[in-house]
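Below is one structure, written out as structure tokens; the observations come after it.
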Amino acid sequence: MRIYLLILFYLLMFSSLANAQNDLNPLSTSCNSWLKIIEAGGGVQIGDLDIPGNKVTVEAKFNRTDPYSGPYVYAGNIVSKHSDPNDANYLLRPGSAEVTTSNGYFITPEVCAFDLNKTYHVAMVYDGSTLKFYRNGYLLSQVACSGDLILNDFQTTIGQNALNMSVTPEEGMRGYIDEVRIWNVPRSQEQIRANMDIALPSPSTQPGLLAYYQFNDLINKQGNSMWDGRLRRLSTQINQTNPKCITSTDSCNVVCDKSTDFAFRQSLCNPNSIDFITDHIEVQNVRWDFGAAGISDSFTPTIDFGSTLQNIPVSLTTTFKDGCIAQIDKQISIAMNGANSPVLSFDTTVCKGEEVTLSAPESFAYCWDQVIGITETEDRDQVIVADASRQYLYKRVEIGNNLIVNGDFESGNESFSTDYLFSSAGNVPGNYAISSNVKAWDNEINCELTSPASEMMLVNGEMITGTTIWKSTVTISPGTNYLFGFSIANLKTGNPRIHIYINGNKIDQAEFGAGALCTWQQYKIFWNSGNSNEVELKLVTGLLPTGSNVFALDNMILSEYKLYSEYINMNVEEIPSLLASDDAEICLGNKAILSVETDLPTSVQWSPNSFINNINSLTPEVSPNVTTTYYVSAETVSGCKAIDSVKVIVEPKPIFALSATEVELCEEEQAKLTASGGTFYQWYYGEEFLSNSPVLDLDGSRAGNFSVIIKNELCNLSDTLTSIVRLSPVPQIRIEKSNDIDCKQPTALITATGAATFLWTSNSSIIENFGNSIKVAPSTSSIYKVEGTDPNGCTVMDSIEVIVVPGSANEEYKLANAFSPNGDNKNDCFGTAKYGTLTNYSLTIWNRWGQRVFSSKNQSECWDGTLNGKSQGEGTYVYQLVGSSICGDVNKKGVLQLLR
């Protein structure tokens, strides 16, 4: 809205100006009272009108009718009190203003060209700090200017060079001139505009007016006749008609009420190189003047000032896209404070190989010179491993008191202004809050903020571009360098774009969010206050990013600062050479001699101070009662220490033992005898040497005394232990079978003799086990194994094969035709378990009425004469048996009598 109103204002102003140019004639002569210079060298002289001091305004209207050659300074002298740039008390030309002061010659930068045969109003103003050039009431060009105006004895001349009107005819004006006004005060743009197209009212009473000419005559209308004019050359005439006397619309058409400013960044790592920054979005071009360091047209020049970092003059002239020109001049000092450093340097001595932390004084920023061991050059602390003596240089920025009130937002929502709405609803665009809990403000934020996240400003910046995020006004000191900075963290996917304004001038624009979400990024620039004693700092929303524009602000800071260059001298001392003896092993109660080799033999010390005869000896004697590590150290005078260690292993006195003193073995049985407690073993059988192993293998071939000599060499102890081995014979067993298997004899009995107990190997065809005998019913020829054990525990294995001879199943498989389930344990159950094994087995029984009273596919099951738990009556029953046997398939049907 503000921009819109400003544009509307200027449109109205231009419209009014155009109407004025069309409707108003100069009140003096109505186009008929102009000075006309027909040929070069003509003009009017008004006397030696000196303007002393450092303030002057010269105005006039002109219409040049003939072209000129050369640069714009040859467009014609309108009012001159000069001969050359060395003595210009004042000089007004159609496109420039020029003066010479005690500080040198100054000329305003070139502006756009004027048109021939058109009338313009021009003015020059020098106010002691700036020389300005106006055309048609608009500031078109200016330059920083200082010093008192030089004086000369030349005749102030209208239309030509003041020294000699015939010397430099190419400088002469050819055309019309009127409304010449000479002042010894600086006129403002508003004052110039107010009277440039009308006669000056009450000229005798105008403050600072020295001369005023309307060329109906040559009289000074201000009233001081000393400055009445006189014509030079007959070709110069007054009371002439200017056919184009209405002030023309200037081709520049600019509104020059803008200002400019700049900031800079100085690399701590390369302090001589300065990056200057200024707004470049609304700007056509810039011109930087760094004095002896040169001139640059870059928006962001990088200037290497070498060692000259004190009192650097910086002049910035900015030409905006609408043609407006603004200029600012400052003098900055950006030198490193070396000799004035509060700590400048400090020394430290460390031991070689030691891990050392080098720490700079607490500051805002750091840069360490990259030498061996320095990796993260911008960190305050540097952790290095000392390898050699060297100097570590670093530079730092030390800031003073923060001039921004509530810059950390710890005081809440105060001491700043914003276009955003204070609200706890963080998911609403255009809202902000002061909080330390980002998730409570907006539950869609999926990250946590770490330090410095105490209280902070949380902003949902999804509004229009140009919205003020944060603004604060601070009292400052003129001519002082300041550091302005803040911390910003992106809270959602997107890249917040921030414009930075100082005193209404956009200085910089930055984009944030390239790093991880909820990661603080630091922004900082340096700025010189120039002539300002107050500064308005403002952050404004830039072009909205793709994605969200939600972020946090904290640590707003404006502070004076100093740059320090300092160093740390680190002296690295060699550690002593130290080599202790190898680890030792002793028997409990014995002693060990330790030793150490070192280049500091008088400075050794052993620890712990227990069971050692001399802690400062190179060869101490120790007798610990438990395993102990002894440490030996040697230390230099400055404290560099070397340490080594010796482990003394204490072994208890040995206990010699055998795994058995008596061994009972069966013949050919294998066993082991184990001896322990020694480091050396010798086994004997009588006089016969057997082995040096602690384990002796017995094979059951010999009985008698087996002895072993056991020695412990560490403790120098030995003993002889004996084990008696006895042998027992193995039993002689015999195994027999009653028969082989055929359809007539489906079972066989196998019997073993010759041992006390027998253990038969499991076999699914064994149907009964009687200990020394088993009953078997194999379906195929099978081998049966038995292990016999005698009373001494000696065992022997034997086996026998039962051969199966197939036959006719139905003919050979016989079943009983009656059973008596009366509980006498004789023939109480009808089944087939004792008649040989069948596969695919099925037995079914029906009563005489055809009711099924029993059915089973399990050959171990039989019918007990009941149905559903109830006893069935005596009588005739029918059965069917189905299965497969060694003799083939069985399918038998028969009659069964149930007897009670």
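Just so you know, these numbers use all the heavy atoms, side chains as well, and skip hydrogens, waters and symmetry mates. As the structure is a computational prediction, the values presented were derived from the model and not from experiment. The first residue in the sequence is number 1, and the count goes up from there.
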Checklist entry - Among side-chain atoms of Y105 and E98, is any donor-acceptor pair under 3.5 angstrom? => result yes
Item to check | Note, I507 side chain near F484 side chain (heavy atom, < 4.5 Å) | outcome: no
Checklist entry - Side chain of N103, backbone of C145: donor and acceptor closer than 3.5 Å? => result no
Checklist entry - Where is the tightest heavy-atom contact between N503 and V535, given as atom of each residue plus distance? => result OD1-CA, 3.1 Å
Checklist entry - If you look at every heavy atom in V180 and I177, which pair is closest and at what distance? => result CG2-CG2, 3.7 Å
Checklist entry - Roughly how far apart are I192 CD1 and K132 NZ, rounded to 0.5 Å? => result 9.0 Å
Checklist entry - Just by distance, with hydrogens left out, do N505 and S259 show a side-chain donor and acceptor under 3.5 Å apart? => result yes
Checklist entry - So, the side chain of S273 versus the backbone of D304: is there a donor-acceptor pair under 3.5 Å, distance only? => result no
Checklist entry - Has the side chain of R93 got a donor or acceptor atom that lies under 3.5 Å from a matching backbone atom of V73? => result yes
Checklist outcome for this item: Between F114 and A75 the two heavy atoms that sit nearest each other are CE2-CB, 3.7 Å
Checklist entry - Does any non-hydrogen side-chain atom of Y120 lie less than 4.5 Å from one of P94? => result no
Checklist entry - If you measure only the distance, is there a donor-acceptor pair under 3.5 Å linking the side chains of T247 and K61? => result yes
Item to check | Main-chain N/O of L563 paired to K395 side chain as donor or acceptor, under 3.5 Å | outcome: no
Checklist entry - Knowing that exactly one of D261, N531, N528 qualifies, which makes a side-chain hydrogen bond (donor to acceptor under 3.5 Å, both in side chains) with K330? => result D261
Item to check | Lys/Arg N to Asp/Glu carboxylate O, R265 vs D275, below 4.0 Å | outcome: no
Checklist entry - Does any donor atom in the side chain of E59 or W183 lie under 3.5 Å from an acceptor atom in the other side chain? => result yes
Item to check | Atom pair CZ/CD1 of F290 and I312 - distance to nearest 0.5 Å | outcome: 9.0 Å
Checklist entry - Should the ring pair F264 and F276 be called parallel, tilted or perpendicular, given that the plane angle runs from 0 to 90° and is split at 30 and 60? => result tilted
Checklist outcome for this item: Correct closest heavy-atom pair for I469 and L553 would be CG2-CD1, 3.8 Å
Checklist outcome for this item: Smallest heavy-atom separation, P496 atom then N549 atom, equals CA-OD1, 3.3 Å
Checklist entry - Within a radius of less than 6.0 Å around CD of E362, do more than 12 heavy atoms belonging to other residues, nucleotides or ligands occur? => result no
Item to check | Donor-acceptor pair, side chain of N406 and main chain of E410, under 3.5 angstrom | outcome: yes
Checklist outcome for this item: In this structure, CZ of F106 is separated from OG1 of T130 (nearest 0.5 Å) by 10.5 Å
Next on the checklist: I'd like to know if the side chain of T57 and the backbone of R187 have a donor-acceptor N/O pair within less than 3.5 Å.
Outcome noted: yes
Next on the checklist: Please determine whether side-chain contact (heavy atoms from CB on, under 4.5 Å) holds for the pair F486 and W470, giving the CA-CA distance in whole Å, both sets of side-chain angles, and the decisive distance to 0.1 Å.
Outcome noted: CA-CA 11 Å; F486 55 87; W470 173 92; over 6 Å; no
Checklist entry - Between the side chains of Y501 and T468, is a donor N or O closer than 3.5 angstrom to an acceptor N or O? => result no
Item to check | Exercise: do N402 and S559 side chains pair donor with acceptor under 3.5 Å | outcome: no
Next on the checklist: Assess the residue pair F262 and W288 against the criterion (side-chain contact (heavy atoms from CB on, under 4.5 Å)); give the C-alpha distance rounded to whole Å, side-chain angles, the decisive distance to 0.1 Å, and a yes or no.
Outcome noted: CA-CA 10 Å; F262 64 89; W288 298 85; 3.5 Å; yes
Checklist entry - Side-chain contact, heavy-atom cut-off 4.5 Å: L483 with F526? => result yes
Next on the checklist: Can you give me the closest heavy-atom contact between L92 and V58, atom names plus distance?
Outcome noted: CD2-O, 3.6 Å
Item to check | Sidechain-backbone polar pair: S102 side chain, G147 backbone, donor-acceptor under 3.5 Å | outcome: no
Next on the checklist: Which residue in the set T319, D297, T317 passes side-chain hydrogen bond (donor to acceptor under 3.5 Å, both in side chains) when paired with R287?
Outcome noted: D297
Next on the checklist: I'd like to know if K471 pairs up with D419 as an ion pair, taking the criterion as any Lys NZ or Arg NE/NH1/NH2 lying under 4.0 Å from an Asp or Glu carboxylate oxygen.
Outcome noted: no
